Amino acid sequence: KSYIMRKHNSKFCGVCGKPLIKRADDTKETAINRYNDYLKVKNNIVEYYKNQKTFYSIDGELEEDEVFDQICKILRV
């Protein structure tokens, strides 16, 4: 399980009790670089799936039940 270390005072996992370990690459710069990499490829990925007719857009700002209804319609459930 992932934790935001600054939000937890414990040095141990609240689920399994194992010690929490900070990865060497858990830095602000790494997060910024990963996000920038994501932004570079995101549009290409979206376009690929749109061309495959397998891209669906869901408004995550809606109420939880409305988002669920949109997902069900896509899945035809």
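This is a predicted model, so every value here is computed, not measured. In what follows, residues are counted from 1 in the order of the sequence shown.
Atom CD in E47 sits 10.5 Å away from atom NZ in K42 (nearest 0.5 Å).
Every residue two or more places apart in sequence or in another chain that forms a side-chain hydrogen bond (donor to acceptor under 3.5 Å, both in side chains) with D25 is listed here: R23, R34.
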I58/I74 under side chain to side chain contact (heavy atoms under 4.5 Å, CB included): CA gap, chis, key distance, verdict: CA-CA 10 Å; I58 297 173; I74 291 167; 3.7 Å; yes
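When hydrophobic side chains of Ile, Leu, Val, Met, Phe, Trp and Tyr are connected at separations under 4.5 Å, Y49 ends up clustered with V41, I45, V46, Y48, F55.
No more than 12 heavy atoms of other residues, nucleotides or ligands sit less than 6.0 Å from atom CD of E61. The number of heavy-atom neighbours closer than 6.0 Å to CZ of F68, taken from other residues, nucleotides and ligands shown, is 12 or below.
Considering all non-hydrogen atoms of both residues, D59 and V67 come closest at O-CG2, 3.4 Å.
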